[in-house]
Structure formats: structure tokens, C-alpha cells
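Naming: A, B, ... by sequence-line order, numbering from 1 per chain. None of the values given here were measured: they were computed from a predicted structure.
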Protein chains: 2
Amino acid sequence: MASVAKNTYHHGDLRQGLIDAAISLISEEGISDLSLRQVARRVGVSHNAPYRHFEDKEALLAAVAEQGFQALGVAMETARQGMSIDASQRLEAIGIAYVKFALAQPFHYRLMFGDYHDNLSKYSALAEAAQQSFMVLVSTIQEGQAAGIFRSANPVDIARVAWSLVHGQSMLALDNKLQIEQGEEFVAFLKFSSQMLLQGLAGHSAT
Amino acid sequence: MASVAKNTYHHGDLRQGLIDAAISLISEEGISDLSLRQVARRVGVSHNAPYRHFEDKEALLAAVAEQGFQALGVAMETARQGMSIDASQRLEAIGIAYVKFALAQPFHYRLMFGDYHDNLSKYSALAEAAQQSFMVLVSTIQEGQAAGIFRSANPVDIARVAWSLVHGQSMLALDNKLQIEQGEEFVAFLKFSSQMLLQGLAGHSAT
DNA sequence: ACCTGAACACCGTTCAAGT
DNA sequence: ACCTGAACACCGTTCAAGT
């Protein structure tokens with residue numbers, strides 16, 4: 001008997017359906033008003049069904065954050081490959097793609113760094129997704145070191161600095177604390193930042 | 001008639017009492033579980049009294065954030081004056097004091113950058129306190145430019161870069177995303193970061 | 001296995017009174 | 001003016017059942 005779609009929805013993948021509903025609700029109304037019951041309502045399921053797939057509300061949010069890191073990693077990797085082999089250009093392209101991701105999905109980005117995962121050992125999939133996007137930075141820095149255009153410090157430390165810079169820019173921009181209007185002026189600021197970072201990154205023998 | 005302290009507490013400054021109670025509750029249990037009713041209970045007042053002083057819960061949190069920025073500004077200014085006149089050393093000292101402030105008061109720091117003030121025009125006192133702490137950075141950078149040791153770009157842009165860096169470091173450290181254990185190793189990382197930033201900041205004619 | 005409604009202990013906020 | 005208790009519409013989570 002051919003399976004016919006039922007209108008109860010949840011014969012499929014309720015877990016992913018809940019995540020999708022949470023993401024779209026968050027992008028519409030932000031995080032602070034998001035309730036588990038609301039997510040269940042949007043999916044067409046009782047307010048209690050989510051507990052079959054998530055231990056509590058925090059676990060659902062952790063899954064949403066995890067998918068955010070996966071998407072961010074893809075955006076960074078795409079930016080990296082869109083550039084020629086020059087590691088400086090690649091690093092700048094990654095940084096700009098990173099901040100643009102944050103600005104395009106402000107609530108989702110903020111959720112990825114929320115304080116709801118104090119015990120991140122509990123959410124290992126989330127930690128792993130974050131680690132994976134971080135590795136895009138590390139490997140690009142190693143490329144630059146191999147090419148002799150970046151100084152020879154610990155590449156993980158350098159990546160931490162770069163990540164801190166783009167994360168700080170993203171968060172402060174989302175908070176309207178940088179006092180720069182979006183558009184050309186903001187992109188100019190991002191390029192100024194990466195130029196400063198790259199100069200700090202240059203090998204000692206640079207001109 | 002000499003005024004005798006009553007045990008109703010709130011004959012004094014209920015507004016500040018609520019802020020203090022919120023700060024201590026936050027430092028004990030974090031932000032996510034903080035409720036307005038809990039704050040009122042701690043102060044010994046009905047769950048409704050706070051509405052005499054704050055329009056809603058968000059307004060109380062904004063006041064808490066504002067006092068956080070004032071304390072942060074003091075910490076930065078103290079670090080600046082504790083250093084000799086050299087602008088590079090001052091900038092590094094400010095950066096380290098900044099991150100230490102964040103790590104010492106993790107919940108309070110996070111609250112200062114929460115998304116609860118989308119319309120920050122509504123909380124002008126908060127915006128002003130943030131601006132004031134930012135100016136400590138700007139003026140230190142101007143000092144370095146006047147002394148000829150920093151490049152001559154827009155000092156506000158440079159300050160934005162520096163703020164982004166320390167804010168990113170603070171947030172990622174609070175999130176346990178930097179994978180560095182606190183202590184000497186972390187301070188070494190902070191010094192490495194500021195060294196990189198300072199090299200990027202150096203004037204073109206630097207050796 | 002997966003989903004359900006009822007129930008519990010909490011919220012933020014509003015309102016009509018009290019002093 | 002400032003504070004109060006009662007009330008409303010919501011939560012997150014638990015539990016005992018239903019299929």
C-alpha cells in the first residue's frame with residue numbers, strides 16, 4: 001500500500017519538524033518570546049509531544065544552535081573556496097562571510113552563543129559543530145603559514161584571535177553598539193579590521 | 001524625631017534596592033531563571049511593587065545593564081591610569097582588565113549585551129553608559145596617535161576593532177568555546193592577542 | 001513507541017482597592 | 001504617592017492514560 005501523506009504531520013520526522021518550527025519562529029519573533037508550547041502548536045502536535053524527542057526546552061534550543069553552526073561552517077567554507085589561493089584574501093573573505101551570516105540571521109546567531117549550555121559536555125553535537133566551523137579558520141591560517149606570509153605562532157591561537165574579532169564585531173553590530181549604519185560603510189569597516197589583523201599577522205620579515 | 005530604620009526596607013530607595021537584588025540574584029543563579037516576582041520577594045515587597053519604578057521586567061534589566069557598564073568603565077579607567085604613559089601598555093592593560101571584568105561577573109556581563117534592548121533609544125541611560133566606557137578606548141588610542149606610535153586612521157574605527165576583539169574574547173571565553181583553561185595560559189593568550197593587535201596598529205614607519 | 005488531556009507550580013502584567 | 005491581593009492568560013514539566 002503506497003504511503004499517503006497524513007495531515008497529522010508528525011508521521012515523518014517530528015524531531016526535525018520541531019527544530020524547523022523553532023527556527024522559523026525565532027527568525028520571526030526572536031528568542032525571548034519563544035515557548036515550547038508555541039513550537040508544538042505550530043507543528044500541530046500537543047504541547048507535550050516534544051518531550052519524546054528533547055529532554056527539555058534547552059535541549060531543543062541546543063539542536064537549533066547546532067544546525068546554526070553547521071550552516072555557518074558551510075558559509076565560511078564557501079567563502080574560502082570562492083577566493084584564489086592567497087591566504088590573506090581567503091581569511092578576509094571568511095571573516096566577511098561570518099559577519100554577514102550573523103547579520104542575516106540575528107536571532108539564530110545570538111542563540112548559538114546563548115548561555116543555555118553552561119554544561120556543554122551535555123550537548124556534544126553542538127560543541128562538535130562549533131569546533132568544525134572553527135577548523136575552517138585554523139586550516140586557512142596554516143595555509144598562510146605554509147606559504148610564508150603569516151607569522152609562525154600557534155595557528156590555533158591565531159584562529160582564536162580571528163574568531164574573537166569577527167564574533168565581537170557580529171555581536172556588537174547586532175546590539176547596535178558599533179554605531180555604523182549597515183551597507184557600504186560597514187563593509188569598509190570590516191575591510192579596515194581585517195587589514196589591521198593581517199598586518200598584525202604578517203611575518204617578521206614583511207616589508 | 002530621629003528617623004528609625006523600619007523593617008519594611010522600602011522606605012528608602014526601592015528602585016536601587018530592586019536593582020541590587022536583581023544583581024545579586026543574577027550572580028547567584030544566572031539570568032534565565034530570574035523572575036520579577038523573585039526580585040520583589042528578595043526585597044520584601046509585593047510582586048507588584050516593582051511596577052512603580054520600572055515599566056516592565058525589561059526596564060529593570062536595562063537598569064542592571066547600565067550599572068554594569070558604569071562599573072566596567074571604572075575598571076577600564078583604573079587599569080589605564082595604573083600604567084605608565086605608554087599608550088601600547090595602556091591599551092593592553094585596558095584590554096586585560098576588560099576581559100577579567102567579564103570573567104569575574106559572567107552573568108552580569110552577558111546581560112549587558114543581551115537582546116532585550118532592541119530599541120535602545122528607549123534606554124538612553126544604558127546607551128550613554130556604554131558609550132562612556134567606549135570613550136576610554138578612544139582616548140587611549142588618540143594618545144598613542146599623538147605620540148606617533150599608532151597609525152593615523154580614524155581613532156573611532158580603531159577603537160571599534162579593539163572593542164570587538166576584547167568583547168569576542170570575553171564572550172567566547174564565557175561560552176567555553178576558546179578551549180583554554182583559565183589562569184596563566186589564558187593570560188598568555190590575552191597578551192599574544194594584544195601583541196598582534198598592537199603590531200597591526202603600529203605606524204607605517206615602525207621598525 | 002508515540003501521543004494525549006489534566007494538573008501543578010510558577011510566570012508577567014493588569015486592575016480595583018486600600019493607606 | 002505608594003503599596004496591596006485577586007485575577008488573567010500564559011509558561012515548563014510531570015503524570016496517568018490512551019492507541
Tabulated below should be each protein N or O lying under 3.5 Å from an N or O of nucleotides 12-15 of chain D; please produce it.
{"residue": "D:dG12", "atom": "OP1", "partner": "A:Leu36", "partner atom": "N", "Å": "2.9"}
{"residue": "D:dG12", "atom": "OP1", "partner": "A:Lys57", "partner atom": "NZ", "Å": "3.3"}
{"residue": "D:dG12", "atom": "OP2", "partner": "A:Leu36", "partner atom": "N", "Å": "3.1"}
{"residue": "D:dG12", "atom": "OP2", "partner": "A:Arg37", "partner atom": "N", "Å": "3.2"}
{"residue": "D:dG12", "atom": "N7", "partner": "A:Arg37", "partner atom": "NH1", "Å": "2.5"}
{"residue": "D:dG12", "atom": "O6", "partner": "A:Arg37", "partner atom": "NH1", "Å": "3.0"}
{"residue": "D:dT13", "atom": "OP2", "partner": "A:Tyr51", "partner atom": "OH", "Å": "2.8"}
{"residue": "D:dT13", "atom": "OP2", "partner": "A:Lys57", "partner atom": "N", "Å": "3.1"}
{"residue": "D:dT13", "atom": "O5'", "partner": "A:Tyr51", "partner atom": "OH", "Å": "3.2"}
{"residue": "D:dT13", "atom": "O4", "partner": "A:Arg37", "partner atom": "NH1", "Å": "3.2"}
{"residue": "D:dT13", "atom": "O4", "partner": "A:His47", "partner atom": "NE2", "Å": "3.4"}
{"residue": "D:dT14", "atom": "O4", "partner": "A:Asn48", "partner atom": "OD1", "Å": "3.4"}
{"residue": "D:dT14", "atom": "O4", "partner": "A:Asn48", "partner atom": "ND2", "Å": "2.2"}
{"residue": "D:dC15", "atom": "N4", "partner": "A:Asn48", "partner atom": "ND2", "Å": "2.9"}

| query | Among all residues two or more places apart in sequence or in another chain, which pass the side-chain contact (heavy atoms from CB on, under 4.5 Å) test with B:Gln105? | reply | B:Phe101, B:His108
| remark: Hits for side-chain contact (heavy atoms from CB on, under 4.5 Å) against A:Asp56, two or more places apart or cross-chain, chain-then-number order -> A:Glu58, A:Ala59, A:Tyr123
| field | Contacts of type salt bridge (Lys or Arg N to Asp or Glu O under 4.0 Å), residue A:Arg80, not counting sequence neighbours | value | A:Glu77, A:Glu143
| query | Is any side-chain N or O of B:His53 closer than 4.0 Å to OP1 or OP2 of D:dC3? | reply | yes
| request: Return the value, rounded to whole Å, for the distance between atom CZ of A:Phe54 and atom P of C:dC3. | output: 12 Å
| Could you state the CZ-C1' distance from A:Arg52 to D:dA16, rounded to the nearest angstrom? | 12 Å
| task | Would you please classify the geometry between the A:His167 ring and the A:Tyr109 ring as parallel, tilted or perpendicular, with 30° and 60° separating the classes? | result | tilted
In residues 40-50 of chain A, what donor-acceptor pairs under 3.5 Å come from side-chain atoms, sequence neighbours left out?
{"residue": "A:Arg42", "atom": "NH1", "partner": "A:Ser24", "partner atom": "OG", "Å": "3.3"}
{"residue": "A:Arg42", "atom": "NH1", "partner": "A:Glu28", "partner atom": "OE2", "Å": "3.4"}
{"residue": "A:Arg42", "atom": "NH2", "partner": "A:Glu28", "partner atom": "OE1", "Å": "3.2"}
{"residue": "A:Ser46", "atom": "OG", "partner": "A:Asn48", "partner atom": "N", "Å": "3.1"}
{"residue": "A:Ser46", "atom": "OG", "partner": "A:Ala49", "partner atom": "N", "Å": "3.4"}

If you look only at distance, which donor and acceptor atoms sit under 3.5 Å apart when one is on a side chain in residues 128-139 of chain B and the other is two or more places apart or in another chain?
{"residue": "B:Ser133", "atom": "OG", "partner": "B:Ala130", "partner atom": "O", "Å": "2.9"}
{"residue": "B:Ser139", "atom": "OG", "partner": "B:Met135", "partner atom": "O", "Å": "3.1"}
{"residue": "B:Ser139", "atom": "OG", "partner": "B:Val136", "partner atom": "O", "Å": "3.3"}

Output side-chain donor-acceptor pairs under 3.5 Å for residues 181-193 of chain A, partner residues at least two apart or in another chain, one line each.
{"residue": "A:Ser193", "atom": "OG", "partner": "A:Gln169", "partner atom": "NE2", "Å": "2.7"}
{"residue": "A:Ser193", "atom": "OG", "partner": "A:Phe189", "partner atom": "O", "Å": "3.0"}

| How does DNA chain D read in dot-bracket, base by base from 5' to 3', with Watson-Crick or G-U pairs under 3.5 Å and | used when the partner is on another strand? | ||.|||||...|||||.||
| field | Whole angstrom value for the distance that separates C1' of C:dT4 from CZ of A:Arg41 | value | 16 Å
| query | Can you list the residues that meet the side-chain contact (heavy atoms from CB on, under 4.5 Å) rule with B:Gln67, with sequence neighbours excluded? | reply | B:Gln16, B:Ile19, B:Ile23, B:Gln70
| note | In whole angstroms, the gap separating P of D:dC11 from CD1 of A:Ile31 amounts to 17 Å
